[in-house]
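Beneath this line is the structure, given in structure tokens, with notes to follow.
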Amino acid sequence: MQGLSVTNNRSDTLHKPKQSPTHLLRRLFSVLMPLVIAPTLATRGSDLREWDPPEPQREFRGAWIASVANTDWPSEPGLSRREQQNELIAMMDRAVHLRLNAIILQVRPACDALYPSSLEPWSEYLTGEMGEAPSPTYDPLRFAIAEAHRRGLELHAWFNPFRARHPATESDPARTHISQTHPELVRQYGPYLWLDPGSPAVQRHTRNVILDVLRRYDVDGIHLDDYFYPYKIRNQNGKLIDFPDDTTWERYRRDGGTLGRADWRRDNVNDFVRDLYGAIKKRKPWVKFGISPFGIWRPGHPPQIKGLDAYSQLYADAQKWLRQGWLDYCAPQLYWAIEPKAQSYPALQAWWAEQNVKRRHLWPGNRATKVGSGWQPDEIVQQIRLTRRQRNASGNIFWNLSALLESPKLSKALAGEVYHKPALIPASPWLSQRKPPKPKLSLTPNRSQGLFDVQWRADDEAPVWLWVFQSHRGHRWTTEILPRNRRHKVYPASDPTALPSAFAVSAINRYGNRSKPTILSTTQVIAKR
């Protein structure tokens, strides 16, 4: 090992029989104690060029955690605060084990909230009773953000924008629920209650709910799912039931609107998406805005594709949002296998990538719940590999985290194969290209504990989101991605071979931009002594 050459050359003096282990440790500290290596010294010298650390891998690795109907978390309503927290901690620990780097947590399933809100009632999926706070009271969203950030995970807050009541709801609506406070904005659609996207008051309310979370919480992303206008349902005779928005449609026509009804509905959704994106960027431009639309925009796009027409049935023109750049990431739900041509994962992925003319992030959704009920883990593994080979795509999101945790074979395939190395989330250059300054780096012996302490810190007051810590042994670099609260690593002084020959640390900001690395050569410093 290159970094130990000087120490090895001293072996004739360090290992005399009369010297005790304590004496040896003191000798070693006497060499290094005076040294606090500054970045300017660490990076000086042409011999460090061969030690330039490699760029860390960039890839989004996310998973959805759904709260609706207690799908993922909490596992059932009425759990104690400690039980809820322990469940979420266990899920996040497993996410780290699988080397994921983002969690997408559903915080508003149906005009309710998994956080204290003055705009909407507490979700019944927490306590079993809509409007009832957890007891003892705590803030689940704030807790989730803190636990995610402590582990270096991004936390994206996931909202269903227009659903007002889900059929799985069992408790009565709280008096603060919108169906009680503003029933004129709510429509009954089969077993669902739905907000009318054609109402300006509805759009304002949903936008205010989302921006309230953006203002009060340190989220890393705002996420919308595929529900805009509801998936169409049929009556007892099998006939499709149209969404009951006659009131807002007639008002639009009276005010001089000229669009057809389907185009008007799409325009309502387009306006909401565009305005929400602008409002998010005005307040916190580093927070990513993403949508996970149905995976087929329209049948026949590409030509072989068949299936539901989200453009005409959900009135979701996701192609337009992507081409206009009204989002930071698009996560089309490509919940089909690779082989079947009518819904082909690679064919659909390639089509979405072709629409990505603004070079936003394209992170397809993958249906991990199929593993064990029709799919083998290799189906997901191969889908990840196809995404890596697809131009204009840079990651995947899994439906859902529970499926990853409940399948040992899939977990093993992820952690041991495609995700065996850590990855940074790709940067968002359209938001900012400014890089943080190089951090300061030092190596200090700790006499009392018998350790070498590698420490680093930001060079100024610019906030750091993550650290990339790299160590060099022989001819290889090892990369770790550490949360912002980690600022040191220790190595035992009693085992000189444990000390790498070089270290490198770089800072990552909230936009995903990486500083130049600060490099510290332990070999060069010891040689100078």
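Atoms considered below: every heavy atom in the structure, side chains included; atoms not considered: hydrogens, waters and symmetry mates.
- For Y329 and H156, the distance between ring centers is under 6.0 angstrom.
- Note that OH of Y511 and OG of S428 are 9.5 Å apart. Values are rounded to the nearest 0.5 Å.
- Side chain of S123 to main chain of L126: no donor-acceptor pair is present (N/O by atom type, distance under 3.5 Å, no hydrogens or angles).
- Closest approach of T387 to Q349, counting heavy atoms only: OG1-OE1, 2.6 Å.
- In this structure the side chain of N268 never reaches within 4.5 angstrom of the side chain of Y252, judged on heavy atoms.
- By the 6.0 Å contact criterion, CD on Q188 is enclosed, its count of non-hydrogen atoms from other residues, nucleotides or ligands being greater than 12.
- Put simply, the side chain of D196 reaches to within 4.5 Å of the side chain of F243, judged on heavy atoms.
- The local environment of CD in Q376 is sparse, with at most 12 non-hydrogen atoms from other residues, nucleotides or ligands closer than 6.0 Å.
- Side-chain contact between W351 and P302 is present, with heavy atoms from C-beta onward closer than 4.5 Å.
- Here L114 contributes atom CG and E120 contributes atom CD; the two are 11.5 Å apart, rounded to the nearest 0.5 Å.
- R266 places none of its side-chain heavy atoms less than 4.5 Å from the side chain of V269.
- Between M91 and S402, the shortest heavy-atom contact is CE-OG, 4.1 Å.
- Aromatic rings of W336 and Y345 (six-membered ring for Trp) have centroids beyond the 6.0 Å cut-off, not under it.
- Of the inter-residue distances, the one linking Q324 atom CD with Q319 atom CD reads 10.0 Å to the nearest 0.5 angstrom.
- To the nearest 0.5 Å, atom CG of residue D226 and atom OH of residue Y231 are 3.5 Å apart.
- Atom CD of E184 has more than 12 heavy atoms from other residues, nucleotides or ligands within 6.0 Å.
- Evaluated for a salt bridge (charged side-chain N to carboxylate O under 4.0 Å, His left out) with D328, the options K284, K358, K281 yield exactly one hit, K281.
- Shown here for D212 and R215, the closest heavy-atom pair between the two residues is OD1-NH2, 3.0 Å.
- By the 6.0 Å contact criterion, NZ on K435 is open, its count of non-hydrogen atoms from other residues, nucleotides or ligands being 12 or less.
- Across N70 and E76, no two heavy atoms sit closer than the pair ND2-C, 3.6 Å.
- Taking the side chain as every heavy atom from C-beta outward, V213 and F159 approach each other to under 4.5 Å.
- The six-membered or imidazole ring of F398 lies away from that of W64, with a centre-to-centre distance of 6.0 Å or more.
- Annotation: F228 is not in aromatic contact with F272 [ring centroid separation under 6.0 Å not met].
- Using modelled atom types, one side-chain atom of T169 and one backbone atom of H166 make a donor-acceptor pair closer than 3.5 Å.
- The shortest distance between side-chain heavy atoms of L327 and L322 falls below 4.5 Å.
- Looking at heavy atoms from C-beta onward, R99 lies out of side-chain contact with K421 at the 4.5 angstrom threshold.
- In terms of heavy atoms, D242 sits closest to Y189 at O-CE1, 3.6 Å.
- For F294 and W352, the ring centers are positioned 6.0 Å apart or more.
- Annotation: side chain of E55 is not in contact with side chain of V468 (no heavy-atom distance under 4.5 Å).
- Here the closest non-hydrogen pair linking P364 and L362 is CD-O, 3.5 Å.
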